[in-house]
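FYI, side chains are in, hydrogens and waters are out, and symmetry mates aren't considered; it's all heavy atoms of this structure.
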Amino acid sequence: MMDMVWLGLVVGSFVSIGAYTVLIGDNPVSKVTEHLYTGILAGYTLAINWDFIMKNAVGKVQGGQFDFILPIILSLMLFARLKPEWIWISRYPVALTVGVGMGLAMRASVLSDFVGQIQGTLLPINSINNIVMIVGTITATAYFLFTRENKGPYKYVNQTGLLFLLVAFGVTYGSTASFRFELVIGRLVDMLRPDVALYTYGFLALVAIILIYGYTTKKIPWYKSR
Amino acid sequence: MSVIKKILNMDQRIIYLGLFIALAFPILSPVIVPVVIQDYSTQAFNFAKAIPDGSYVLIEGGNAAATHPQCGPGLTANIYHLLTKNCKLVFFSITAEPAYWTQVEIDDAIAKLPASVAKEKGVNWVNLGYLSGGESGVAALAADIRSVVSKDHFGTPIGDLPMMKDINSAKDFAAVFWWGGSEGSIPYGIRQLVGPYNLPMSGSCTTNEVPNYSPYVSSGQLKGLFGGIRGSAEYELLLGVPGPALAQAMATNIGGLYFLGLVLLGNILYLVQRMRGEK
Amino acid sequence: MSDRLTKISLPIWLTAIFGILMIIEFFFSVPQIVTDTNVKLRSWVTIVSAAALILGTFILTIAHVKRAYERKPGWYYSLIYIGAFAVAGALGLISVRETNFMWIFNNMTSPIGAALYSLTAFTITSAAFRVFRARNWKASVMLVCGFIVLMMLLPVGGAIFPPIVPIGEWIRSFPSSAGFRGMIIGISLGTIGLGVRIFLGRQKEHLGIREEKKEAS
């Protein structure tokens, strides 16, 4: 019997190459892969959320918690969105999710983000690090929040705030580059495993042949403009 | 067209090919260099180490297919670490895909653990699986687990799991680990668990998100942070349990240097162009 | 008038009531009935959110079915979507722990997802070579910080030049952290402001009210 784990790795390698071909331009192989991905992911999302509702709403109603009929009805009301004339019906479940979500976000923002971060900035002025934190936080917040004419003493506050924000963006840029390389490596590690590598090279050659055929015969729309 | 302009306008697919080779080469021929452990990782490790043996720990598993290779080994190391301390672990995931990967990471850790360590499902760990609702879901779970989850990831009723007998809210846990992957969900934990319940929290995220959460580390709301594959590799090193992260972290070397080399080259050519007065 | 009440005013009022219930529970000592109601409301939200995701998959599928039915450009790709959705959805609905379902998810969706997300590694590298220039002091600050932090993150960076690690960590932990803290404080104020606008009925887009106006016109 075929080893399903190994077969999975080979299939994974093939579809990954399909996805990577988009780097040479939009082409049928990449389009097929993208649609396959969206289709399976949508199916998965449908199934796992259905399972969640069955376990935590329908299951509870069956267990005697009849108040859970209400969220089931609200969930059904959400589907009224599919018909423009009935869209108002879907506003009730949306009111519940947005109201509760916003209330939770607001109360937590005040405590954890606003007060918590200000508390974290109330540092003794006894080291360069603390001074950097205090000055940086105040000026960056001012730059972020106040939009007024950039002249007089405020100009210096504004410029200092911008400097700190630029440092933050630079750090994010370097970190993002590293993160993206890690994503590729994560995929390549499976594709270049000794028991899979030969198939990866084979698929690579196969895709190259398909695309070269498309290029020479101009059967791939993307190549028509090249 | 000048040579400089030609280089600057070279076909981007050549750059792509170069990056592919730079990232694939170290996987085929690995070279290991010493890793300097970052402060955030040391803090996160020390936090895990300081959790009293036998405590109840809540873990959000947020690694998806794309982020599992980089953050997954870290969560595996975390589970290994906490189970050897006889901690009781409760897992949940706030997005659909990570619910599957969290179980993969639990299984990986269990496979590595020595036979002497207790690791029984329902007794030493429970995976509640996928929890819908995002931040509202976390708030609901924190207040009353049974109000949102009635069965675990495998469909077993919570009432049938011995470990869940005395647990029903965030108050029953000693610590939280938030393995957010690239969900961007670490602030949910800080807002709904750390703030209201005063639960100490540490976690992990992909490398690009580490700077976003650094203010929470410096304010003490987050006790430490493992970032991406490097963070996972550092956890493995600090724990002394080898795993796949170290080799993958090494594989970033040539690709990263290639990127930096291109940035330098681009800027040097730009400066030369400016000195020559070319546009 | 009553039409407006049921279709517009009542949902806005309910949004505000649900939100305020969550807020008062947190800051004030409230009767047990309020706490119990809030626990119920939060658990209901998880159910409705799950249904919203199912609705999302329906809307996407309907769009693909329409494209295939009307034979719009690239309609044959929509058939692939529909086929994949039908197979994965059907297997998943039988059981989300079904072996074939997990095999498809694990070996097709996961690798493609990882590959698609990693594509930006290539575009970011190309963009860095083409446009990431030290044109002025602002770009130079970003460039230098990005360079140092990437060097710090690469294991080889610390091996070639050990001080790069503490320097990079300092930049990340202090000036960069201060910049992000400014953003977090700003965003938290923005969240509070947005919430107040929603509760007052000044912001109604989440209820699809703008969409309806367009349709009416």
Checklist entry - Minimum heavy-atom separation for C:A178 to A:A140, with atom names? => result O-CB, 4.1 Å
Item to check | Part of C:L60 lying under 4.5 Å from any heavy atom of chain A | outcome: side chain
Next on the checklist: Please determine whether side chain to side chain contact (heavy atoms under 4.5 Å, CB included) holds for the pair C:T99 and A:M4, giving the CA-CA distance in whole Å, both sets of side-chain angles, and the decisive distance to 0.1 Å.
Outcome noted: CA-CA 11 Å; C:T99 326; A:M4 291 305 278; over 6 Å; no
Item to check | Distance, nearest 0.5 Å, that separates OG of C:S176 from CG of A:L165 | outcome: 10.0 Å
Checklist entry - Where along residues 16-26 of chain C does a heavy atom come under 4.5 Å of chain A, listed by residue number? => result C:F18, C:G19, C:M22, C:I23, C:E25, C:F26
Checklist entry - Under a 4.5 Å heavy-atom cut-off, does chain A meet the side chain of C:I198, its backbone, both or neither? => result side chain
Item to check | Expected output: side-chain C:W44 to main-chain A:L70 donor-acceptor under 3.5 Å | outcome: no
Checklist entry - Just wondering, do A:W50 and C:T57 contact through their side chains at under 4.5 Å, heavy atoms? => result no
Checklist outcome for this item: Turns out that what part of C:W137 lies under 4.5 Å from chain A's heavy atoms comes down to side chain
Checklist entry - Do A:Y173 and C:L143 come close enough that some side-chain heavy atom pair is under 4.5 Å? => result no
Checklist outcome for this item: Between the OG atom in A:S109 and the CD1 atom in C:I184, the distance rounded to the nearest 0.5 Å is 10.5 Å
Next on the checklist: I need the single residue from A:T137, A:T141, A:D113, A:T121 that forms a side chain to side chain donor-acceptor pair (under 3.5 Å) with C:R181. Which is it?
Outcome noted: A:T121
Checklist entry - Looking only at heavy atoms, which two atoms of A:L145 and C:G186 are closest? And how far apart? => result CD2-CA, 3.8 Å
Item to check | Test item: side-chain donor near acceptor, C:T120 and A:R180, under 3.5 Å | outcome: yes
Next on the checklist: Is the ring pair C:F58/A:F79 parallel, tilted or perpendicular, if the boundaries are 30 and 60 degrees?
Outcome noted: perpendicular
Checklist entry - By a 4.5 Å heavy-atom criterion (distance strictly below it), what part of A:L188 contacts chain C: side chain, backbone, both, or neither? => result neither
Checklist outcome for this item: The reported gap from CG in C:L116 to OG1 in A:T33 (rounded to nearest 0.5 angstrom) is 8.0 Å
Checklist outcome for this item: So, the part of A:F144 with a heavy atom under 4.5 Å from chain C: the answer is side chain
Next on the checklist: Which atoms of C:L153 are under 4.5 Å from chain A, going by heavy atoms: the side chain, the backbone, both sets, or neither?
Outcome noted: side chain
Item to check | Pairwise side-chain contact, A:F68 with C:K40, heavy-atom cut-off 4.5 Å (strictly under) | outcome: yes
Item to check | Rounded distance [0.5 Å steps], CD in A:Q117 versus CE in C:M183 | outcome: 12.0 Å
Checklist entry - Quick one: which of C:Y77, C:W75, C:F85, C:Y81 gives a ring-ring contact (aromatic ring centres under 6.0 Å, His included) with A:H35? => result C:Y77
Next on the checklist: Counting only non-hydrogen atoms closer than 4.5 Å, does A:L111 touch chain C with its backbone (N, CA, C, O), its side chain (CB onward), both, or neither?
Outcome noted: side chain
Checklist entry - C:T15 and A:R91: side chain to side chain contact (heavy atoms under 4.5 Å, CB included), yes or no, with the steps? => result CA-CA 10 Å; C:T15 310; A:R91 285 182 192 147; over 6 Å; no
Checklist entry - Is a side-chain donor or acceptor of A:R187 paired with a backbone partner of C:A114 at a separation under 3.5 angstrom? => result no
Next on the checklist: Please classify the contact between C:L189 and chain A as side chain, backbone, both or neither, with a heavy-atom cut-off of under 4.5 Å.
Outcome noted: side chain
Checklist entry - Can you tell me how far CD1 of A:I53 sits from OG1 of C:T46, rounded to the nearest 0.5 angstrom? => result 9.0 Å
Checklist entry - What part of A:V22 lies closer than 4.5 angstrom to a heavy atom of chain C: side chain, backbone, both or neither? => result side chain
Item to check | Reported CG-to-CG distance for the pair A:L76 and C:L55, which is rounded to 0.5 angstrom | outcome: 11.0 Å
Checklist entry - Are any of the side-chain heavy atoms of C:L14 and A:L96 separated by less than 4.5 Å? => result no
Item to check | Region of C:V45 in contact with chain A, defined by heavy-atom distances below 4.5 Å | outcome: both
Item to check | Residue part contacting chain C, namely of A:L82, when any heavy atom lies under 4.5 Å | outcome: side chain
Next on the checklist: Quick check: closest heavy atoms across C:S118 and A:Y20, and the distance to 0.1 Å?
Outcome noted: OG-OH, 2.7 Å
Checklist entry - Which atoms of C:V196 come close to chain A, meaning under 4.5 Å heavy atom to heavy atom: side chain ones, backbone ones, both, or neither? => result both
Next on the checklist: Can you tell me how the ring of A:Y44 sits relative to the ring of C:F105, calling it parallel under 30°, perpendicular over 60° and tilted otherwise?
Outcome noted: parallel
Item to check | Part of C:T125 lying under 4.5 Å from any heavy atom of chain A | outcome: side chain
